[in-house]
Amino acid sequence: MSVRVRFAPSPTGPLHIGGVRTALYNYLFAKKHQGDFILRIEDTDQNRFVPGAEQYIIESLKWMGIEPNEGVGFGEGTHAPYRQSDRKGMYRQYAEQLLHRGLAYYAFDTESDLEYLKNTFPNFKYDAVTRMHGKNSITLSEQEVAQRLAKNEPYVIRIKIPEDETIRFTDEIRGNVMVQTTQMDDKVLLKSDGMPTYHLANVCDDYIMKITHVIRGEEWLPSAPLHVLLYRFLGWEDAMPKFAHLPLLLKPDGNGKLSKRDGDRLGFPVFPLEWKDPVSQEISSGYKQRGYLPEAVLNMLAFLGWNPGTEQEIFTKEELIQAFSLDNIHKAGAKFDFEKAKWFNAEYIKHTSNERLATLVKNIVEEKFGVQEDANLTQAMALIKERMVFINDVENFGYIFKATEKYDSANLEKVNKIKDTLNLDSLEQSLLHAPENASDLEAYLKTYVTEQTLKMGDFMKFLRVSLVGELSGPAIPDLMLLFGKTESIQRIKNCYSQL
RNA sequence: GGCCCGUUCGUCUAGGGGUUAGGACAGGAGAUUUUCAUUCUUCAAACAGGGGUUCGAUUCCCCUACGGGCUACCA
């Protein structure tokens, strides 16, 4: 049987990196086994619907390069529709099936009824004991139930949890898990608005869509026994998918699961793309806009909770697919580490071709420093990419794209000494005949220093300040070759004139 | 509170009955680089605690502590 997995977010806001990692693991697992990866949108709660969230999820997956081959936004496959609100009609029959077989029941309890029960029973949960105190089709006469139904009284359908059984299942990451049904409660399956709850919809859809492995966050572990029971009640036990509950992504500081708030509080993005809240208009930063490379984020995320068991850390997506296995997923939650994320990005930038970097950087550079020639931009990348952590760091190298006009006086002071010994005309003549490759040019400059009996340190510092306006930066010969002779000489003259 | 899951350097982790407990990030020191960055070398840094089982436990079992999750007509 071929592997089919799904990523099933609800469109209640932007997808955060915890969700992205869940999607990634599903993707890697599917690709590893030549299976299908499905995107299903779980929008059964209309109250929490956020406009734009679904589109955001789709775009984020695209940017990350973890594209589903079936599902909302990715070409509907054989099991369309993939949005639960569009599947609303099909859930009721399953709830009713359970109803007829005595495995579920109608409950008419109002909000205040429930409130009363909560106050009456300590640690209240709707279960074998307390349901006898509720207004439901177990306590009410058949006639009354029929009447209430006829009057269109609001009701929910609840699962009838067996009184005292042990539910066991095997989690692919945690091993055997068992829970007593006495600890479970009669969860609502179908809400009074006719929508299924997560539990019902999820189980039905996974079954119908022939999902073989449910790979999801650990927050679902407590309700997994309910899902197991649902498969059994629905008669689908043989087709029940395997479960793998992933460790959570935790806040970098303190405790708790990583939340949408943490990013802005701690100064790192928790979202793949920038998100503007449609109500508050509040903007949350995204990895893309902050200058991350998607493959770096992918690599970084893959290692939060999983490890190949070797010492290799930089993995292409293909390598990740080859190496990925549920067996190597850690059980404990992982604190998100911003420093490591930066390191991954810097590594990826260093190993990205100058051509590609140039295209990524082009808009930023041109917006800030004016139009650039592509060839020039590409060449510039070679000089600065090992000094960049983020794509946006290109902003720090404005001197490459635009000559300094007014030099910083403090820096000028540090190279002032050259004024007495340097012959500007001879330097210009010499540079006009300089060789066109870095190592020859370097030797050429050294020879010039010797011939002119200049001090190497003073001369080099002066050249550096002339070229970039600062005392640190890329190698001088590289800069001169990048700028070309005319531009280099012009910068030197300009600087000299301000000494 | 109840239930479930977890616990190896500060962080991400490897390992697994007998190891100098390995790697990476971050941190320290040094080398290279005319500078900065890169790169390289190097240092420091961990098996939560207590009981068992065992010739031997960081590894297996139990308890405690701590952390996390769930406990909605939210997912």
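A, B, ... follow the sequence lines: proteins, then strands. Residue 1 opens every chain.
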Report yes if the distance between the aromatic ring centroids of [X] and [Y] is under 6.0 Å, otherwise no.
{"X": "Y292(A)", "Y": "F390(A)", "result": "yes"}
{"X": "F324(A)", "Y": "W306(A)", "result": "yes"}
{"X": "F121(A)", "Y": "H133(A)", "result": "yes"}

Measure the distance from [atom1] on [X] to [atom2] on [N] and round it to the nearest whole Å.
{"X": "E218(A)", "N": "C70(B)", "atom1": "CD", "atom2": "P", "answer": "9 Å"}
{"X": "E219(A)", "N": "A72(B)", "atom1": "CD", "atom2": "P", "answer": "16 Å"}
{"X": "I159(A)", "N": "A72(B)", "atom1": "CD1", "atom2": "P", "answer": "16 Å"}
{"X": "K331(A)", "N": "G15(B)", "atom1": "NZ", "atom2": "P", "answer": "11 Å"}
{"X": "F338(A)", "N": "G27(B)", "atom1": "CZ", "atom2": "P", "answer": "13 Å"}
{"X": "L248(A)", "N": "G68(B)", "atom1": "CG", "atom2": "P", "answer": "11 Å"}

Sugar-phosphate, base or nothing in reach of [X], heavy atoms under 4.0 Å:
{"X": "D109(A)", "value": "base"}
{"X": "K125(A)", "value": "nothing"}
{"X": "Y198(A)", "value": "base"}
{"X": "V188(A)", "value": "sugar-phosphate"}
{"X": "G457(A)", "value": "nothing"}
{"X": "G217(A)", "value": "nothing"}
{"X": "A341(A)", "value": "nothing"}
{"X": "D45(A)", "value": "sugar-phosphate"}
{"X": "I476(A)", "value": "base"}
{"X": "Q312(A)", "value": "nothing"}
{"X": "T12(A)", "value": "nothing"}
{"X": "P247(A)", "value": "nothing"}

Can you tell me the pairing partner of U33(B) across any strand shown, Watson-Crick or G-U wobble, with both distances under 3.5 angstrom?
none
Which nucleotide in [options] has an atom nearest any side-chain atom of [X]:
{"X": "K350(A)", "options": "A75(B), G2(B), U38(B)", "value": "U38(B)"}
{"X": "T197(A)", "options": "U34(B), U11(B), C73(B)", "value": "C73(B)"}
{"X": "L250(A)", "options": "G68(B), C70(B), A75(B)", "value": "G68(B)"}
{"X": "L221(A)", "options": "C5(B), U39(B), A75(B)", "value": "C5(B)"}
{"X": "W343(A)", "options": "C25(B), C4(B), C3(B)", "value": "C25(B)"}
{"X": "K257(A)", "options": "A26(B), C70(B), U35(B)", "value": "C70(B)"}

What about R174(A), does its side chain sit under 3.5 Å from the base of C5(B) through a donor-acceptor pair?
no
Can you find an N or O donor on one side and an acceptor on the other, under 3.5 Å apart, linking the side chain of K340(A) with the base of A24(B)?
yes
[X] vs [N]: side-chain N/O to OP1/OP2 distance below 4.0 Å:
{"X": "K191(A)", "N": "A75(B)", "answer": "yes"}
{"X": "H330(A)", "N": "A14(B)", "answer": "yes"}
{"X": "K385(A)", "N": "A37(B)", "answer": "no"}
{"X": "T44(A)", "N": "A75(B)", "answer": "yes"}
{"X": "R464(A)", "N": "U34(B)", "answer": "no"}
{"X": "K414(A)", "N": "U35(B)", "answer": "no"}

NZ/NE/NH1/NH2 to OD/OE distance under 4.0 Å, D206(A) and R6(A):
yes
Would you call K340(A) and D337(A) a salt bridge, taking side-chain N to carboxylate O under 4.0 Å as the test?
no
Whichever of G333(A) and M178(A) has the more 5' nearest nucleotide on RNA chain B, that residue is M178(A)
Reading RNA chain B from 5' onward, which residue's closest nucleotide shows up sooner: I329(A) or S223(A)?
I329(A)
So, H245(A) and R174(A): side-chain donor and acceptor under 3.5 Å apart, yes or no?
no
What verdict does the ring pair (Phe, Tyr, Trp, His ring centres under 6.0 Å) test give for F268(A) and F336(A), after you've listed the backbone C-alpha separation in whole Å, the side-chain angles of each residue and the deciding distance to 0.1 Å?
CA-CA 10 Å; F268(A) 64 86; F336(A) 176 79; 4.7 Å; yes
